[in-house]
Structures are given as structure tokens and as C-alpha cells.
Amino acid sequence: MSFKAHLTPQEEEEIKNFFMSCDNDDNGMLDVSELQKMFANFNVVVRQEDIKTFLEHIDADEDGTIDFDELMTYIEEILSEHYTNDDVINAFSMIDIDGSGDVTLDEVATAMETADVGISHEDVIYLLQEADLNSDGRISFSEFRSLFLGLTS
């Protein structure tokens with residue numbers, strides 16, 4: 001199954017790797033126990049009944065587990081409720097002042113000042129470092145897209 005509407009192939013691969021790292025018994029599915037461990041790894045305390053409710057919401061085939069396609073369908077639903085691909089393109093275009101296809105620290109700082117977001121220069125630097133997955137000092141559209149959609153780790 002392909003989820004091209006909102007995710008790049010790299011993002012889909014990162015999610016697949018994360019899914020596989022949570023699949024402790026390597027059966028291609030996440031059960032309640034594996035979901036509990038996943039939340040615990042993020043230091044998130046979730047009641048077992050809430051995990052079961054979460055699982056039931058995502059578990060399209062009602063087999064008591066979440067497979068990768070079910071997870072990706074859920075992620076796509078969440079992304080499509082919030083932002084369209086055009087939203088991401090428009091936001092990137094507004095920040096990419098020189099039209100280079102990459103965003104620099106200065107461009108992000110200028111965009112934040114123009115939008116009167118009230119973010120400190122230190123926070124802009126942190127944001128750039130978080131988004132700059134390949135550490136080249138610039139944010140590509142793919143990196144921006146991951147940050148915009150909340151997919152960076």
C-alpha cells in the first residue's frame with residue numbers, strides 16, 4: 001500500500017522501521033502488549049483500557065492487532081484532517097524567500113519575525129537543527145514537510 005498523499009517515501013520508511021522496532025515478536029502486527037511497551041518507551045503512561053480503545057479504533061480487520069497498513073491508514077487520516085500537501089507547499093514557499101528549494105536559518109528567522117510568532121532566535125536555531133535531518137545547515141522541502149507534519153523524531 002502506498003501513502004503518497006502526505007508522506008514521502010523516506011517518511012514512510014522511517015515509520016515502517018519504527019513499526020518493526022515495536023513489533024517484538026516479529027509477526028508483522030502490534031498487539032496491546034507491544035503498544036504498551038511502545039508508549040512506555042516514550043515515557044507516556046497509558047491505561048490498558050485506553051490502549052485497547054486506541055487499538056480498536058485503528059484495527060480495521062478487527063483481529064485484535066494493528067498491522068503496518070492499518071497504522072499507515074490511521075496516520076494518513078490524521079494528516080489529511082490537518083494539512084493538505086498544498087498547505088505544506090505554500091508554507092514552504094513563503095519561507096523559501098530566495099526560491100532556492102532549501103530554507104536557511106535566516107529565512108526561517110525572517111518568516112517568524114514577519115508572522116510575529118514571538119519565537120526566540122535560539123528556538124529558531126533549535127527548530128532548524130531538529131528539521132535538518134541530513135545536517136547540511138539547510139532545510140529541504142522533504143525535511144520541512146516532515147517537520148510541518150510532525151514526523152521528525
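Atoms considered below: every heavy atom in the structure, side chains included; atoms not considered: hydrogens, waters and symmetry mates. Only a predicted model underlies this, so the values are computations on that prediction, with no experimental measurement involved.
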Between Glu11 and Arg145, is there a side-chain N and carboxylate O pair less than 4.0 Å apart?
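Salt bridge flag = yes for Arg145 with Glu11.
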
Is there a donor in the side chain of Ser100 and an acceptor in the side chain of Asp98, or the other way round, less than 3.5 Å apart?
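Yes, Asp98 and Ser100 have a side-chain donor paired with an acceptor closer than 3.5 Å.
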
Measure the spacing between CZ of Phe19 and CG of Leu30 and express it to the nearest 0.5 Å.
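Rounded to the nearest 0.5 Å, the CZ-CG separation comes to 4.0 Å.
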
Do Val108 and Met94 share a hydrophobic cluster (ILVMFWY, side-chain heavy atoms under 4.5 Å, transitive)?
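No.
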
Could you tell me the separation between the CD1 atom of Ile95 and the OG1 atom of Thr104, rounded to the nearest 0.5 Å?
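One gets 10.5 Å once the value is rounded to the nearest 0.5 Å.
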
Passes side chain to side chain contact (heavy atoms under 4.5 Å, CB included), Asn134 versus Glu143? Steps please.
CA-CA 9 Å; Asn134 65 0; Glu143 291 167 329; 3.0 Å; yes

Do Val103 and Tyr126 sit in one hydrophobic cluster, given that two such residues count as connected whenever their side-chain heavy atoms are within less than 4.5 Å of each other, even indirectly?
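No: no chain of side-chain contacts under 4.5 Å links Val103 to Tyr126.
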
Just wondering, do Asp63 and Asp59 contact through their side chains at under 4.5 Å, heavy atoms?
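Of all side-chain heavy-atom pairs linking Asp63 with Asp59, at least one is under 4.5 Å.
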
Side chain to side chain contact (heavy atoms under 4.5 Å, CB included) assessment of Asp132 paired with Arg138:
CA-CA 6 Å; Asp132 187 15; Arg138 304 174 70 78; 5.7 Å; no

Does Leu105 reach the side chain of Val124, with side-chain heavy atoms less than 4.5 Å apart?
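Sidechains of Val124 and Leu105: in contact.
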
Beyond-backbone contact of Leu35 with Lys52, side-chain heavy atoms, under 4.5 angstrom
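Not touching, per the 4.5 Å side-chain cut-off.
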
In Å and rounded to the nearest 0.5 Å, what is the CG to CE distance from Leu55 to Met29?
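Answer rounded to 0.5 Å: 11.5 Å.
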
For side chain to side chain contact (heavy atoms under 4.5 Å, CB included), just list the numbers for Phe144 and Asp96, CA-CA rounded to whole Å, side-chain angles, deciding distance to a tenth of an Å, and then say yes or no.
CA-CA 11 Å; Phe144 178 82; Asp96 184 18; over 6 Å; no

Atom pair CG/OG1 of Asp67 and Thr73 - distance to nearest 0.5 Å:
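The OG1 atom of Thr73 is 8.5 Å from CG of Asp67, to the nearest 0.5 Å.
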
How far apart are the C-alpha atoms of Asp102 and Phe141, what are their side-chain angles, what is the distance that settles it, and do they pass the side chain to side chain contact (heavy atoms under 4.5 Å, CB included) test?
CA-CA 6 Å; Asp102 290 310; Phe141 178 74; over 6 Å; no

If you measure from CD on Glu34 to SG on Cys22, what distance do you get to the nearest 0.5 Å?
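Between atom CD of Glu34 and atom SG of Cys22 there are 8.0 Å.
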
Measure from the side-chain N and O atoms of Glu70 to the backbone N and O of Asp61, and report whether any donor-acceptor pair falls under 3.5 Å.
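Yes, the answer is positive, given that a donor and an acceptor are paired below the 3.5 Å cut-off.
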
Is the backbone of Ser21 close enough, under 3.5 Å, to the side chain of Asn17 for a donor and an acceptor to pair up by distance?
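No, because the side chain of Asn17 does not come within donor-acceptor range (under 3.5 Å) of the backbone of Ser21.
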
Sub-4.5 Å side-chain heavy-atom contact between Lys37 and Asn24
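The answer is yes; the side chains approach within 4.5 Å.
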
Atom CG in Asp106, atom CD1 in Ile97: separation rounded to 0.5 Å?
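That separation rounds to 8.5 Å.
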
Ring centres of Phe18 and Phe68 under 6.0 Å apart?
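No, the ring centres sit 6.0 Å or more apart.
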
